[in-house]
Novice: 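Below you'll find the structure I mean.
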Amino acid sequence: MKDGKILTLAIESSCDETAAAVIAEGREVLSNIISSQIEIHKQYGGVVPEIASRHHLNNVNTVVDQALEEAGVTIDDVDMIGVTYGPGLVGALLIGLATAKAYALAADKPLIGVHHIHGHICANYIQHKELEPPFMALVISGGHTNIVEVEDYNTCRVLGGTRDDAAGEAYDKVARVLGLGYPGGPLIDKIAREGDPEAVEFKRVFLEKGSLDFSFSGIKTGVLNYINSEKQAGREINVPDVAAGFQAAVLDVIVAKTVGAAVDMGKDKIVLAGGVAANSMLREMLEKECAKHGLELYYPAPVLCTDNAAMIGCAAYYKYMAGERDDLTLDAIPNLKL
Ligand code: KG4
Ligand code: ZN
């Protein structure tokens with residue numbers, strides 16, 4: 001406790017960002033340090049788990065020290081330690097978790113395990129100080145695509161998810177096929193602006209009627225087949241058009257299902273979270289649909305969309321306030337359910 005405020009030190013290491021943050025009263029960011037490994041994994045076209053773990057191990061102590069220093073506090077000032085314990089890459093998760101446990105034990109602080117997706121949703125509480133549950137959340141990242149009914153600060157119900165690739169994964173794969181680089185999401189977002197979304201049409205996969213699940217694995221093949229057939233016919237590939245066509249096919253489905261779920265379940269707010277929530281076309285399309293149905297749309301600033309520890313600190317705070325505590329037996333769970 002400092003200046004009468006409850007402080008959380010949070011650690012996140014589920015994928016390729018080593019992150020630590022200090023949060024006051026759940027929503028006030030005192031520091032938010034993110035050490036990204038994107039440059040390292042770029043040369044492999046994706047995250048290499050083994051390499052990610054090693055870099056987390058090298059960086060985690062520096063990142064935590066920096067977070068405390070920038071916040072102007074010491075470990076003794078904090079009231080709890082929040083940490084992501086799943087889902088994610090097991091080796092990567094273990095580094096953050098072991099670090100959090102070490103601090104919890106050494107400084108005698110409560111340990112609070114946080115679900116990574118719950119953290120992504122909570123990024124919105126930091127961004128929008130007035131936002132309160134209930135609402136419908138769309139969590140879209142490199143690892144997840146979920147429509148989640150958020151009933152209160154600590155109760156989330158997953159209504160649908162991807163049956164194969166996550167939305168971000170589809171963006172990254174298609175970007176690779178188009179020779180754009182990694183991570184593909186922001187690159188497709190940008191180049192699709194120069195293309196015509198109706199020039200090349202890809203299949204919209206809605207699955208069974210009423211289902212809130214997704215399937216994006218077919219679209220990479222669709223893009224590959226299109227490229228091959230155009231090449232065989234001796235035609236030039238218009239990369240912006242293909243990127244725009246791909247994006248339209250993915251986003252049409254995501255927007256229709258998310259808005260449909262909010263309307264059907266009587267929610268008046270939609271909250272975006274996860275790396276793909278930074279996508280400009282998704283925001284535009286959702287703004288339009290939300291306005292049509294009288295829904296309010298919330299999303300975090302880009303730095304709070306992609307992986308960070310501030311969001312984990314926020315989630316940990318609300319669990320702490322509800323009396324939840326973990327102990328040193330807390331284990332990393334790579335496929336943790338919400
Ligand atoms: O949440 P995040 O940082 O990590 C995971 O938990 O997966 O999300 C990373 C994903 C990557 O697939 C990246 O390509 C995608 O988010 N992404 C975007 C954009 N910015 C990041 N996808 C589409 N448009 C963007 N502007
Ligand atoms: Zn994430």
Side-chain angles (χ1 to χ4, degrees), residues 1-37 49-116 118-119 122-123 126 154 307-334 336:
M1 186 106 53
K2 202 169 177 249
D3 306 328
K5 288 180 175 173
I6 295 181
L7 298 185
T8 309
L9 168 67
I11 301 174
E12 151 65 42
S13 69
S14 64
C15 191
D16 60 342
E17 262 96 27
T18 321
V22 177
I23 305 296
E25 298 288 306
R27 297 192 182 213
E28 188 189 336
V29 179
L30 301 187
S31 64
N32 188 19
I33 310 296
I34 303 167
S35 167
S36 173
Q37 303 175 9
E50 199 36 50
I51 295 176
S53 313
R54 250 179 272 163
H55 281 276
H56 285 309
L57 189 55
N58 280 340
N59 296 339
V60 71
N61 288 321
T62 316
V63 168
V64 171
D65 285 347
Q66 242 177 302
L68 290 169
E69 193 185 319
E70 204 171 283
V73 300
T74 68
I75 189 69
D76 293 323
D77 295 323
V78 309
D79 295 275
M80 78 198 89
I81 296 170
V83 63
T84 308
Y85 72 109
L89 304 168
V90 68
L93 287 166
L94 280 170
I95 308 295
L97 189 56
T99 308
K101 284 182 190 177
Y103 276 101
L105 182 65
D108 194 20
K109 304 289 177 185
L111 178 72
I112 316 273
V114 172
H115 191 292
H116 184 76
H118 184 210
C122 289
I126 296 174
N154 295 309
D307 290 349
N308 65 86
M311 66 186 197
I312 303 302
C314 179
Y317 169 82
Y318 286 108
K319 290 184 83 172
Y320 175 87
M321 296 309 278
E324 291 187 36
R325 302 287 185 270
D326 288 297
D327 61 29
L328 298 180
T329 63
L330 182 68
D331 210 355
I333 305 179
L336 183 64

Novice: Without swapping roles, check the side chain of Thr8 against the backbone of Ala10 for a donor-acceptor pair under 3.5 Å.
Specialist: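 Judged by distance alone, no pair lies under 3.5 Å.
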Novice: Kindly give the heavy-atom pair with the smallest separation between Ala92 and Ser14, and that separation in Å.
Specialist: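 Looks like CB-O, 3.8 Å.
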Novice: Are Leu94 and Asp331 close enough, and set up right, to give a side chain to side chain contact (heavy atoms under 4.5 Å, CB included), and what steps lead you there?
Specialist: CA-CA 8 Å; Leu94 280 170; Asp331 210 355; 4.3 Å; yes
Novice: Do Met311 and His118 have side chains that get closer than 4.5 Å, going by heavy atoms?
Specialist: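 In short, these two side chains do not touch, never coming nearer than 4.5 Å.
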Novice: Apply side chain to side chain contact (heavy atoms under 4.5 Å, CB included) to residues Leu68 and Asp77 and explain how you reach the verdict.
Specialist: CA-CA 10 Å; Leu68 290 169; Asp77 295 323; over 6 Å; no
Novice: Are Asn61 and Thr99 close enough that some pair of their side-chain heavy atoms sits under 4.5 Å apart?
Specialist: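 In short, these two side chains touch, coming nearer than 4.5 Å.
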Novice: Which atom pair, heavy atoms only, marks the closest approach of Met80 to Ala316?
Specialist: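 The answer is SD-O, 3.8 Å.
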Novice: Is the shortest heavy-atom distance from the side chain of His56 to the side chain of Ser35 under 4.5 Å?
Specialist: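 The answer is no; the side chains never approach within 4.5 Å.
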Novice: Would you find more than 12 non-hydrogen atoms of other residues, nucleotides or ligands less than 6.0 Å from Glu69 atom CD?
Specialist: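 Not more than 12 within 6.0 Å, no.
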Novice: Out of curiosity, Asp65 CG to Glu70 CD, how far, rounded to the nearest 0.5 Å?
Specialist: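 Separation between the atoms: 12.5 Å.
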Novice: Could you walk me through whether Tyr85 and Ile333 pass the side chain to side chain contact (heavy atoms under 4.5 Å, CB included) test, one step at a time?
Specialist: CA-CA 6 Å; Tyr85 72 109; Ile333 305 179; 4.1 Å; yes
Novice: Which atom names give the shortest non-hydrogen contact between Gly91 and Ser53, and what distance separates them?
Specialist: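 Closest approach of Gly91 to Ser53, heavy atoms only: C-OG, 3.4 Å.
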Novice: Just wondering, do Tyr320 and Ile6 contact through their side chains at under 4.5 Å, heavy atoms?
Specialist: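 Answer yes - side chains close enough.
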Novice: Rounded to the nearest 0.5 Å, what's the gap from CD1 on Ile75 to NZ on Lys109? Could you check?
Specialist: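 It comes to 7.0 Å.
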Novice: How long is the gap from CD1 on Ile33 to CD on Gln66, to the nearest 0.5 Å?
Specialist: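 Going from CD1 on Ile33 over to CD on Gln66, the span is 4.5 Å.
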Novice: State the CD-CG distance between Glu12 and Asp307, to the nearest 0.5 angstrom.
Specialist: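 If I round to the nearest 0.5 Å, the distance is 5.0 Å.
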Novice: Can you find a heavy atom in the side chain of Leu9 that is under 4.5 Å from one in the side chain of Val73?
Specialist: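 A side-chain contact is absent here, since even the closest heavy-atom pair is not under 4.5 Å.
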Novice: Return the CD1 to OG1 distance between Ile312 and Thr84, rounded to the nearest 0.5 Å.
Specialist: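 That separation rounds to 3.0 Å.
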Novice: Quick one: closest heavy-atom pair of Ala104 and Ile81, and the distance?
Specialist: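 Taking every non-hydrogen atom into account, N-CD1, 3.5 Å.
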Novice: Is the backbone N or O of Thr329 less than 3.5 Å from a side-chain atom of Asp327, with the two atoms forming a donor-acceptor pair by type?
Specialist: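 Checked: pair present.
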Novice: Return yes if some donor-acceptor pair links the side-chain N/O of Lys101 with the main-chain N/O of Leu328 below 3.5 Å, else return no.
Specialist: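 Judged by distance alone, yes, a pair lies under 3.5 Å.
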Novice: Nearest 0.5 Å, please: how far is OG in Ser36 from CG in Asn308?
Specialist: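 Taking CG in Asn308 and OG in Ser36, the distance rounds to 12.0 Å.
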Novice: Using the side-chain contact (heavy atoms from CB on, under 4.5 Å) definition, which of the options Val114, Leu111, Asp326 pairs with Val83?
Specialist: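 Single side-chain contact (heavy atoms from CB on, under 4.5 Å) partner of Val83 among Val114, Leu111, Asp326: Leu111.
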Novice: Where do Asp79 and Pro110 come nearest, in terms of heavy atoms and distance?
Specialist: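 Here Asp79 and Pro110 meet closest at O-CD, 3.2 Å.
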Novice: Is a side-chain donor or acceptor of Lys319 paired with a backbone partner of Gly113 at a separation under 3.5 angstrom?
Specialist: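 Checking the backbone N and O of Gly113 against the side chain of Lys319, a donor-acceptor pair under 3.5 Å is found.
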Novice: Using side-chain contact (heavy atoms from CB on, under 4.5 Å) as the criterion, point out the one residue from Val29, Leu30, Asn32 that pairs with Ile23.
Specialist: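 Of all the options given, the one that passes is Val29.
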Novice: Give the minimum heavy-atom separation between Ala71 and Val22, together with the two atoms involved.
Specialist: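 It is CB-CB, 3.6 Å.
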